[in-house]
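Below is one structure, written out as structure tokens, with a few remarks after it.
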There are 2 protein chains.
Amino acid sequence: MAEPMYRQIADDLRRKIEAGELQRGGRLPTEIDLREQYDASRNTVRDAIKWLTTRGLVETRPGQGTFVTERITPFVTTLTGPPEGGDEDVYLAEVVASSRTPYTSDPRVEMQRATGNIARALHVEDGTHVVSRHQQRFIDGTPWSLQTSFYPMTLVNKGATELIQATSIEGGAVAYLAAQFGIKQVGYRDSIAVRVPNESETSFFKVPADGRVSVFEIYRVGFDEMGERFRLTVTVYPTDRNRLVINVGETPPVDVQDEPS
Amino acid sequence: MAEPMYRQIADDLRRKIEAGELQRGGRLPTEIDLREQYDASRNTVRDAIKWLTTRGLVETRPGQGTFVTERITPFVTTLTGPPEGGDEDVYLAEVVASSRTPYTSDPRVEMQRATGNIARALHVEDGTHVVSRHQQRFIDGTPWSLQTSFYPMTLVNKGATELIQATSIEGGAVAYLAAQFGIKQVGYRDSIAVRVPNESETSFFKVPADGRVSVFEIYRVGFDEMGERFRLTVTVYPTDRNRLVINVGETPPVDVQDEPS
DNA sequence: GGGTATTTGTCCGTATGTATT
DNA sequence: AAATACATACGGACAAATACC
């Protein structure tokens, strides 16, 4: 018995799913039925289902059954854009171009002390005062991303008071800082990691609480003309419904069939 | 009883881990000990451990025990580079710069027919003949990425016979095509997704077979001066040991403390 | 190398709770 | 309210991997 029984059951079910014997979105036999079908105990059948669940092949719904997961048509986010641009405008342009309806919540603004990653990314001392602006973004009503931007409090002291208003900044904060204070963004750097979502993220994105859907965590640091870091934006996207795109050099426009499936 | 018992146990253990009561890399009490400690059954304790395992907080080793996972110092891959550059040289430069030792296997070369994603990405008909070159890459002996490049067979017919040699191409395939055949890469596009690794990937990367560590899958399409797609490179990186970086505009060099942890 | 103790992995059966139809 | 289906929890038995003597 090289393979444990629950793995054999899982592999057989996976084969049936991939062969199309079990349709996308379709319901699997109940645990009791599978128990008889494979001559195993219900717990062993559940182990097999759990194995498939971890791999995102099926999902269970109490009272209803176990279902083959449907493929989500991914939303595409392009990370490369004009160096002087903020994130908001790029985001809006893309979403509108794909004829979807975006919605961004009003920001929750907080005064904080930068610690750990935040301080390191902004190149400030641990404990430095910063403004954080946190927003939720939706597309067609689906929760899409959580975004938090951090600005050194020194910008506010210099008069950039819009940063501490709990309303969206017309045209975006980056354009506001450029137009009003001459702080022009000449470049930015993104650092992309993948991690398990925390509790508030799972509840906002409505992903299963068992941590099998991970999230992209993107740190974007903006540089001004002196090479100083004047903002940090941390954006979190669920990996199950998002795809990131990067263009370098001369690239023709994306067309529909470019999307891998 | 809002929270199930196994969640309460898991939360308590997580708290102890995050508070430092259980050290990184340290061993948890045995399942039997935890069973007595929390006055639960061994299976319930195991459910709690499974919950923590899915979130990457602990890992189990048969015959040894359950351990708090250690943080892996991530390797950083910069996706933005010179538009005319291949991937190999950039990769080598980065690895050498961080004083690590890279190793790339000789390629496994196959003649294939492009289907599905491959055909779509190259903008060729389904079933078109292509050359695939598959390589394994290591850093300091650790498996780091799996890479497969696809080239239309028409390039070989035009004389680019190095593509079908099962040896590394000196200076990289992109430079070879530019120097010998005038096929200059003027830009490329990366499309980044996250998915669960398949069986050969879990075994190569030595990640747990239960699918809780996912992988980056990056499709890189190269464009020539006519805007045509002449190569596709698919690279897979485990997300637990890799971080991707993108630079746009003018960005100062990375320094050590930039690394989020 | 072999044997033994320890520890996690697999599998069973059963009972009860909770969500949905 | 009743039926259905998955979720939680218990206890027990044996297997497999590892460490240690």
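Keep in mind it's a predicted model, so treat the numbers as computed, not measured. The chains referred to below are lettered A, B, ... by the order of the sequence lines, with proteins before strands, and numbering in each begins at 1.
- For the salt bridge (charged side-chain N to carboxylate O under 4.0 Å, His left out) test, no residue two or more places apart in sequence or in another chain qualifies with B:E70.
- For the pair B:L244 and A:I246, the minimum side-chain heavy-atom distance is 4.5 Å or more.
- Atom CZ in A:F67 sits about 11 Å away from atom C1' in C:dT21, given to the nearest Å.
- Straight-line distance from the NZ atom of B:K50 to the P atom of D:dA9: 14 Å, rounded to whole Å.
- When the C1' atom of D:dA9 is taken as reference, atom OH of B:Y6 falls 11 Å away, rounded to whole Å.
- Every salt bridge (charged side-chain N to carboxylate O under 4.0 Å, His left out) that A:R195 has, sequence neighbours left out, goes to A:E201, A:E217.
- Legend: salt bridge (charged side-chain N to carboxylate O under 4.0 Å, His left out) pairs involving residues 50-64 of chain A, not counting sequence neighbours, sorted by first then second residue: A:E59-A:R61.
- By the salt bridge (charged side-chain N to carboxylate O under 4.0 Å, His left out) test, A:R113 is found to be paired with no residue, residues two or more places apart in sequence or in another chain being considered.
- Separating the CE atom of A:M5 from the P atom of C:dG9 is a distance of 18 Å, rounded to the nearest angstrom.
- Annotation: of the two residues near DNA chain D, B:R35 and B:D47, the 5′-most nearest-nucleotide partner is B:D47.
- Between the CD atom of B:E3 and the C1' atom of C:dG17 there is a distance of 16 Å, rounded to whole Å.
- The side chain to side chain contact (heavy atoms under 4.5 Å, CB included) check on A:R241 picks up A:I72, A:T142, A:P143, A:W144, A:F205, A:V207, A:P238, with sequence neighbours excluded.
- Residues A:R137 and A:T104 bring no donor and acceptor atom of their side chains to less than 3.5 Å of each other.
- Regarding A:I32, its CD1 atom lies at a distance of 13 Å from the P atom of C:dA15, rounded to whole Å.
- Under the Watson-Crick or G-U wobble criterion, with both distances below 3.5 Å, D:dA16 is paired with C:dT7.
- With sequence neighbours excluded, the residues forming a side chain to side chain contact (heavy atoms under 4.5 Å, CB included) with A:P29 are A:D33, A:L34, A:Q37, listed by chain and number.
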I'd like a table of atom pairs between the protein and nucleotides 3-7 of chain C - only N or O on both sides, under 3.5 Å - with the distance next to each one.
{"from": "C:dT7", "atom 1": "O2", "to": "B:G63", "atom 2": "N", "distance (Å)": "3.4"}

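- Contacts of residues 39-46 of chain B with DNA chain D (heavy atom under 4.0 Å): B:A40, B:S41, B:R42, B:N43, B:T44.
- Among residues two or more places apart in sequence or in another chain, the salt bridge (charged side-chain N to carboxylate O under 4.0 Å, His left out) test is passed with A:K16 by A:D12.
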